[in-house]
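We name chains A, B, ... by the order of the sequence lines, and we start the count at 1 in each one.
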Amino acid sequence: MPELPEVEHVVRALRRTITGRTIVASEVRLPKLVAPLSASAFNRKLKGSTITAVSRRGKFILIECRQPERGRGQRARSGHRDFVLAVHLRMTGKFLYLHRDDDIPKHAHAIFYLDNDRRLIFRDQRQFGVMKLIDGTQLTRTKGIKELAPEPFGEEFNPEYLKSALQKSRRSLKTLLLDQTKVLGLGNIYASEALFRARINPFKIAAQLSPARAIRLHQSILTVLRDAIADSSTSRIDLEQPDGFSYGEAFERFWQVYERAGEPCHNCGTKIRRATQGGRSTYWCPKCQRR
DNA sequence: ACCCTCACCTGCACGC
DNA sequence: TGCGTGCAGGTGAGGG
């Protein structure tokens with residue numbers, strides 16, 4: 001369920017919580033979480049590794065690790081190997097930071113035992129989440145990551161980039177905004193919200209959007225992501241409160257159109273509409289976002 | 001190369 | 001109460 005703003009806050013929470021910790025051992029209870037790697041190979045690789053940093057690429061959480069040299073002789077010069085544990089939360093993935101005696105909750109598919117006697121749990125009700133171990137130098141060559149569009153807050157994601165991405169596509173804007181290889185970071189909620197802010201109809205064909213509107217859309221994408229990240233209720237993401245937080249709750253009160261079908265538009269009072277587009281719900285104001 | 005549909009899962013809200 | 005249906009914020013494989 002998390003889109004980029006929620007992932008960003010999970011990253012910040014992980015960063016202040018687990019940076020510098022060593023993974024004493026790990027336990028994978030759902031093998032497909034780490035497939036095609038085997039659970040035992042995954043655990044072997046992580047054992048004894050120290051977490052050096054936590055970052056993000058799109059909606060992927062990157063837990064950067066350093067594995068001390070084991071055995072004799074190998075790679076004697078550097079003395080360590082760097083790798084990244086890349087985690088995608090998909091719909092329901094969550095991290096929890098538990099004490100030794102806390103009960104392991106339902107749907108805990110991976111457990112990381114840390115050197116401070118605490119446990120980092122990966123919990124995922126729908127089992128869509130994925131983890132992969134990537135060699136330090138291979139990150140930008142990894143399938144699933146190398147195809148991602150530029151980071152929305154980076155220089156490369158500018159109005160010119162967006163215009164050119166739009167020009168190449170015959171799909172609807174809403175569908176295109178969900179494509180992480182074209183525009184990075186939006187999900188089903190913020191795609192609708194960004195289009196509402198830009199006053200652009202979600203069914204409009206991408207290539208037919210005027211340059212002026214493309215600039216407006218670019219602005220709206222950035223502001224909707226920034227506002228969601230800046231929202232103080234977001235910082236409530238607390239890894240120690242397993243059920244005290246659901247990603248959506250924090251932002252609901254700011255939604256202008258999402259899940260508001262039949263309710264009045266905050267701008268003009270017209271009833272917000274809902275339709276299915278590419279199998280997903282799209283919400284829009286038929287007056288503010290005319291074709 | 002592009003784009004669409006379906007599949008992956010569990011749980012919840014709803015109507016009967 | 002129970003059961004069936006549809007829906008959920010994300011992607012990726014496979015096929016046209």
Side-chain angles (χ1 to χ4, degrees), chain A residues 1-10 29-36 56-61 86-94 105-110 122-132 142-149 152 164-196 202-208 221 224-225 227-229 231 233-234 237 242-243 245-262 274-284:
Chain A
M1 339 232 274
E3 303 181 31
L4 188 140
E6 293 77 22
V7 174
E8 175 61 27
H9 277 280
V10 172
R29 298 179 165 193
L30 184 74
K32 71 172 181 180
L33 174 65
V34 300
R56 179 184 65 64
R57 174 80 177 96
K59 300 175 191 171
F60 278 93
I61 296 166
V87 183
H88 200 300
L89 305 173
R90 293 286 180 92
M91 301 280 262
T92 52
K94 286 178 173 131
K106 208 173 168 184
H107 306 301
H109 305 316
F122 180 73
R123 183 182 190 191
D124 185 8
Q125 179 190 108
R126 289 175 76 179
Q127 306 182 11
F128 290 166
V130 287
M131 290 189 182
K132 46 181 115 191
T142 301
K143 188 164 163 294
I145 292 181
K146 68 171 189 280
E147 299 88 351
L148 295 175
S164 111
L166 295 175
Q167 274 163 18
K168 292 173 195 155
S169 175
R170 299 288 313 157
R171 302 149 90 186
S172 70
L173 282 170
K174 166 66 171 6
T175 305
L176 186 119
L177 290 184
L178 292 178
D179 184 340
Q180 305 296 299
T181 70
K182 305 296 189 294
V183 174
L184 190 60
L186 298 174
N188 207 37
I189 296 174
Y190 297 133
S192 278
E193 296 294 323
L195 287 162
F196 174 77
F203 300 92
K204 178 102 183 158
I205 298 300
Q208 294 172 358
I221 291 166
V224 80
L225 291 174
D227 288 355
I229 291 173
D231 174 9
S233 61
T234 312
I237 286 186
D243 298 307
F245 181 89
S246 84
Y247 299 116
E249 281 168 21
F251 309 103
E252 269 176 58
R253 60 199 171 95
F254 296 107
W255 296 346
Q256 306 275 323
V257 287
Y258 190 79
E259 281 194 345
R260 293 197 64 244
R274 172 189 181 274
T276 299
Q277 200 175 7
R280 333 258 337 254
S281 296
T282 294
Y283 298 84
W284 79 104

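Put simply, Tyr258(A) does not rest on the base of dG9(C): the two rings are not both less than 5.5 Å apart at their centres and under 30° in tilt.
Between Lys106(A) and dG11(B), a side-chain N or O to OP1/OP2 separation shorter than 4.0 Å is present. At the phosphate of dG11(B), OP1 or OP2 sits under 4.0 Å from a side-chain N or O atom of His107(A). Between Tyr190(A) and dG9(C), a side-chain N or O to OP1/OP2 separation shorter than 4.0 Å is absent.
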Checklist entry - Reading nucleotides 11-16 of chain C 5' to 3', which nucleotides get B (base under 4.0 Å from a protein heavy atom), which S (sugar-phosphate only), which -? => result BSS---
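Heavy atoms only, all atoms of each residue included: Arg57(A) and Leu148(A) are closest at NH2-O, 3.2 Å. Considering all non-hydrogen atoms of both residues, Ala110(A) and Leu33(A) come closest at CB-CD2, 3.7 Å.
Two residues are said to be in side-chain contact when any heavy atoms from C-beta on lie closer than 4.5 Å; Val10(A) and Pro2(A) fail this criterion. With a 4.5 Å cut-off on side-chain heavy atoms, Lys94(A) and Leu89(A) do not count as touching. At least one side-chain heavy atom of Asn188(A) sits under 4.5 Å from a side-chain heavy atom of Tyr258(A). For the pair Arg170(A) and Gln208(A), the minimum side-chain heavy-atom distance is below 4.5 Å. Residues Val224(A) and Leu186(A) form a side-chain contact, since some pair of their non-hydrogen atoms from C-beta on lies under 4.5 Å apart.
Here the C1' atom of nucleotide dG10(C) and the CZ atom of Arg126(A) are 9 Å apart, to the nearest Å. The CZ atom of Arg260(A) sits 17 Å away from the P atom of dG9(C) (whole-angstrom rounding). Straight-line distance from the CZ atom of Phe122(A) to the C1' atom of dC9(B): 13 Å, rounded to whole Å. One atom, CG of Asp124(A), and another, C1' of dG9(C), lie 13 Å apart when rounded to the nearest Å. Between the CZ atom of Phe128(A) and the P atom of dC8(B) there is a distance of 9 Å, rounded to whole Å. The distance from atom CG of Leu177(A) to atom P of dG10(C) is 12 Å, rounded to the nearest whole Å. Atom CD of Glu259(A) and atom C1' of dC12(B) are 13 Å apart (whole Å).
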Next on the checklist: Using side chain to side chain contact (heavy atoms under 4.5 Å, CB included), reason through Val130(A) and Lys32(A) one step at a time and then give a plain yes or no.
Outcome noted: CA-CA 8 Å; Val130(A) 287; Lys32(A) 71 172 181 180; over 6 Å; no
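Straight-line distance between the P atoms of dC7(C) and dT5(B): roughly 15 Å, to the nearest whole Å. Comparing the same atom, P, in dT11(C) and in dG11(B) gives a spacing of 22 Å after rounding to whole Å. With P as the reference atom, dC6(B) and dG6(C) are 14 Å apart, rounded to whole Å.
No more than 12 heavy atoms of other residues, nucleotides or ligands lie within 6.0 Å of NZ in Lys168(A), so this atom counts as exposed by the packing criterion.
Among the nucleotides dA8(C), dG9(C), dC9(B), the one closest to any side-chain atom of Ser281(A) is dA8(C).
Looking at residues two or more places apart in sequence or on another chain, you find a ring pair (Phe, Tyr, Trp, His ring centres under 6.0 Å) between His88(A) and Phe60(A). By the side chain to side chain donor-acceptor pair (under 3.5 Å) test, Lys59(A) pairs with no residue at all, sequence neighbours left out.
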Table of protein N/O atoms under 3.5 Å from nucleotides 1-5 of chain B N/O atoms:
residue, atom, partner, partner atom, Å
dC3(B), OP1, Ser169(A), OG, 3.3
dC3(B), OP1, Arg170(A), N, 2.9

Using atom names, set out every protein N or O paired with an N or O of nucleotides 13-15 of chain B below 3.5 Å, distance rounded to 0.1 Å.
none

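For DNA chain C, runs of at least 3 consecutive pairs of the Watson-Crick or G-U wobble type, with both hydrogen-bonding distances under 3.5 angstrom, map to B:2-8 with C:10-16, B:10-16 with C:2-8.
At a cut-off of 3.5 Å, with distance as the only test, no side-chain donor of Arg126(A) or Thr92(A) sits close to an acceptor on the other residue. Checked by atom type, the side-chain pair Thr282(A)/Gln277(A) shows a donor-acceptor distance below 3.5 Å.
With hydrogens and angles disregarded, no donor-acceptor distance shorter than 3.5 Å links the side chain of Glu8(A) to the backbone of Ile229(A).
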